[in-house]
There are 4 protein chains.
Amino acid sequence: MPEREPDSTPPRRRSERARTAVLNATAALIEEVPYPRLTIEAIAARAGVGKQTIYRWWPSRGAIVFDSLLERSGGADASLPDSGDLQADLSAFLRASADEMASPSTGAFLRAVTVEILQDDGVAQQYRDRLLTPQRSAVRRRLAVSQDAGMLRDDLDLDVLVECLLGPLVGRWLLGPGPLEVDFADAVVDVALRGAIR
Amino acid sequence: MPEREPDSTPPRRRSERARTAVLNATAALIEEVPYPRLTIEAIAARAGVGKQTIYRWWPSRGAIVFDSLLERSGGADASLPDSGDLQADLSAFLRASADEMASPSTGAFLRAVTVEILQDDGVAQQYRDRLLTPQRSAVRRRLAVSQDAGMLRDDLDLDVLVECLLGPLVGRWLLGPGPLEVDFADAVVDVALRGAIR
Amino acid sequence: MPEREPDSTPPRRRSERARTAVLNATAALIEEVPYPRLTIEAIAARAGVGKQTIYRWWPSRGAIVFDSLLERSGGADASLPDSGDLQADLSAFLRASADEMASPSTGAFLRAVTVEILQDDGVAQQYRDRLLTPQRSAVRRRLAVSQDAGMLRDDLDLDVLVECLLGPLVGRWLLGPGPLEVDFADAVVDVALRGAIR
Amino acid sequence: MPEREPDSTPPRRRSERARTAVLNATAALIEEVPYPRLTIEAIAARAGVGKQTIYRWWPSRGAIVFDSLLERSGGADASLPDSGDLQADLSAFLRASADEMASPSTGAFLRAVTVEILQDDGVAQQYRDRLLTPQRSAVRRRLAVSQDAGMLRDDLDLDVLVECLLGPLVGRWLLGPGPLEVDFADAVVDVALRGAIR
DNA sequence: TCGTAAACGAGACGGTACGTCATGTCTTCTG
DNA sequence: CAGAAGACATGACGTACCGTCTCGTTTACGA
């Protein structure tokens, strides 16, 4: 999606100015207008860029939106601290995630990207590879440390545990009754680690 | 969303034939064409119905899609059995849910509805009220029985536990690495009930 | 070109309002803007009409321009008076023609139509059938009266004579050095009738 | 239009290779594609030349087309023979002209140039100066010889007579009902010289 | 003989117009 | 009079070219 790496001639003279203008315009519009109004024409106009420039470098609106998201959260280093207290570390991470998802600006972005993911496998794959997998790997690594230290059940599939931690946040954000609040993160960590059975 | 009960004229002579034809055409198209091709014109043509008839009775494409989903899964009585074995009951329920989400036909439908939910608060509200809340309430009722019987921690917020059970499925279905498989349901129930700590 | 008489269904519900607006807008623009700026979009905007309405009823810009010309010169009854004096009748007719061709508004129209004729055989055919042939026939009929009366050489091909009268005007209008003036019409009639040889 | 003689810097290092390639590509395309497809980009691609090279040396598409026409008919020495028989000399000349206009390749070229003349006064002026005036002067000189010899009426404006000879050809070529045939040339000469009156 | 300045090929840029498609409204005709 | 048919105004779509503007590369002086 970005940079059209595959095939033929690598485009040598792409204008960084135009690329940045498009991604910024997209980010701005995502928060300003309802998603169906985020048209290619609107992006081109807002960016002061020709439509052809957009069509030349991006295959679809979804790709632009995703690139724009990458640009804004690109530097995010996905790794959890290890304070020794697993529950505290997970809570901190999930609270931060919940906070971000609940913020109006990131929220609009995530909603937009999700719409694209649901309709475009290419975007879905990119999202998984570039954002989701790194995030989940980071969580998984932190869990593995604790498991190796004997603090987690040995028979546990860590990938499942990761889902049990992050899934509820996604579910609540996407459909969940009521808004996504930070306390929810703590409660999820509590259930996932200690279980529900008395 | 349907029947537009509020305001103006109560629609006295609505044609049941047209209504059914529209919902069926929508259901058929959802599985046949990519979602952006599910246009109002395509639905009207497929249903053999005038566009105005659609605009008269539904406020948006999302509303049609949602009504169509309601129609197909309307009879589904959302309640869990109580065999006495909570884990078994939850596993059975989650496996059935996972199965349905993974099926191609229901999957396409859910994807479509999710796209609409993300862009249309009206659809989101309807979805919550008519499908989600009943489902979650059913799970919650089953959990409450066990909690009353002293089998679950008293300090537990059952709504959170419901999310911890269903959220991972949603997360996996929506973004998760790899497909949603039935074993995953068992693993989730295991973690949510027993916890991860050794 | 107009009314798409041939084929399939006669379009019964065409909006006369839209049709007239398009033709008027075209006529106005032809005099106001250079011809390459006479775009379909400009016509649609000026006429307050959707582009699709234009594409539905006209196959090309040329067709619109020609229809617009027809509309404005539609009522023109192409027939020459017969005062008994052939030379006077022809002079009067050619002077009127020259006058019209030299006028700024008709001139712009004729230039536009000529451009289209040169690039679109359909328009060329229409132009011949609807405007040119009637005009030339009218001249020819007047000549035939004189020939029957023995006032013109019997061995003369009247079609050629018609061209010898009208052709010089066209040539002068199109390319001719200097503007087309009314005296020129008299001179042409003089040469065509009396010849150049002493 | 060509060589941009006036003003500022005389272009000293213009590539003759590029110039020829452009004119040849234009000539080839004129016969191969409909005129609206004769784009600058198509010419540049066909000629293996950068667009900027074209814009550097020609101000418009019309200028290129005209230069291309000049190049192909440049050597044509516009002068009529004087065999003593005016009618024969004129007939020969007009037949040759008619022949050329009727040929498919010259025809396409003339049509293209005419389109440009109608829309671009610069091209029109160039066409008059470089091609039309020399041709008409040649005819006029031949007529003057005969007039001086007393073979033509003294009161005759020779410029008008020239138009009466060439105009009908132009008219027939441009609009005329039916194709332009060589016999037509003879008939025109006959009328113009002898007149129509018995 | 070798800079050096121009013209060159290539092609990206900000744009306009194209012709098509879908929208949501409106009008006309039919059952 | 509800509903089908479909014309209407609007405006986004993706494509083709426009004319301008760099890029590096030849090419032909003139120092």
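Protein chains get the first letters and strands the later ones, always in sequence-line order, with residue 1 at the start of each.
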*For B:Ser68 and B:Ile64, indicate whether the former's side chain and the latter's backbone hold a donor-acceptor pair under 3.5 Å.*
no
*Backbone N or O of C:Glu16 within a donor-acceptor pair of the C:Thr20 side chain at under 3.5 Å?*
yes
*Verify the contact: side-chain N or O of D:Trp57 to OP1 or OP2 of E:dC8, cut-off strictly under 4.0 Å; return yes or no.*
yes
_Gap between atom OG1 of C:Thr53 and atom CZ of C:Arg19 - 0.5 Å precision_ = 14.0 Å
*What is the distance from CZ of D:Arg14 to P of E:dG9, rounded to the nearest Å?*
12 Å
*Shortest side-chain distance from A:Gln52, nucleotide among E:dA17, F:dA12, F:dA16*: F:dA16
*Whole angstrom is fine here: how far is it from NZ in D:Lys51 over to C1' in E:dC8?*
15 Å
*With DNA chain E as reference, determine whether B:Pro36 or A:Glu41 sits nearer its 5' end, using the nearest nucleotide of each.*
A:Glu41
*Can you check whether C:Thr53 has a side-chain N or O nearer than 4.0 Å to OP1 or OP2 of F:dA9?*
yes
*asked:* I need the CD1-C1' distance between A:Ile64 and F:dA12, as an integer number of Å.
replied: 14 Å
*Output all residues satisfying side chain to side chain donor-acceptor pair (under 3.5 Å) with D:Gln125, sequence neighbours left out; order by chain, then residue number.*
D:Arg128, D:Asp129
_Degree of bending, the helix from E:dT1-F:dA31 to E:dG31-F:dC1 (end axes from five pairs; round to 10°)_ = 10°
*Gap separating the CZ atom of B:Phe109 from the OG1 atom of B:Thr114, nearest 0.5 angstrom*: 12.0 Å
*Under 4.0 Å between a side-chain N/O of D:Arg56 and OP1 or OP2 of E:dA7, yes or no?*
no
*Do NZ/NE/NH1/NH2 and the carboxylate oxygens of A:Arg130 and A:Glu71 come within less than 4.0 Å?*
no
*Which value, rounded to the nearest 0.5 Å, describes the distance between D:Asn24 atom CG and D:Ile43 atom CD1?*
11.5 Å
*Roughly, in whole Å, what's the span from CD1 in C:Ile43 to C1' in E:dC18?*
13 Å
*In whole angstrom, give the distance that lies between atom CZ of A:Arg37 and atom P of F:dC13.*
12 Å
*Which part of the nucleic acid, if any, lies within contact of A:Arg61, taking any heavy atom under 4.0 Å across all strands shown: a base, the sugar-phosphate backbone alone, or nothing?*
nothing
*asked:* What's the separation between atom CZ in D:Arg46 and atom CD in D:Glu32, rounded to the nearest 0.5 Å?
replied: 4.0 Å
_Per B:Thr39 side chain, nearest of listed nucleotides E:dG14, E:dT23, F:dC18_ = E:dT23
*Tell me which nucleotide among F:dA9, F:dA4, E:dC8 gets nearest to the side chain of C:Ala18.*
F:dA9
*So what does D:Arg17 hit on the nucleic acid, given a heavy-atom distance under 4.0 Å: a base, only sugar-phosphate, or nothing?*
sugar-phosphate
*Round to the nearest Å and state the distance from D:Leu38 atom CG to F:dC18 atom C1'.*
14 Å
*Grab the CD1-P distance between D:Ile54 and E:dA10 for me, whole Å please.*
12 Å
*With nearest nucleotides of DNA chain E determined for A:Glu16 and C:Tyr55 from heavy-atom distances, which residue corresponds to the more 5′ nucleotide?*
A:Glu16
_Selected nucleotide, minimal atom distance to C:Ser15 side chain, candidates F:dC8, E:dG24, F:dC13_ = F:dC8
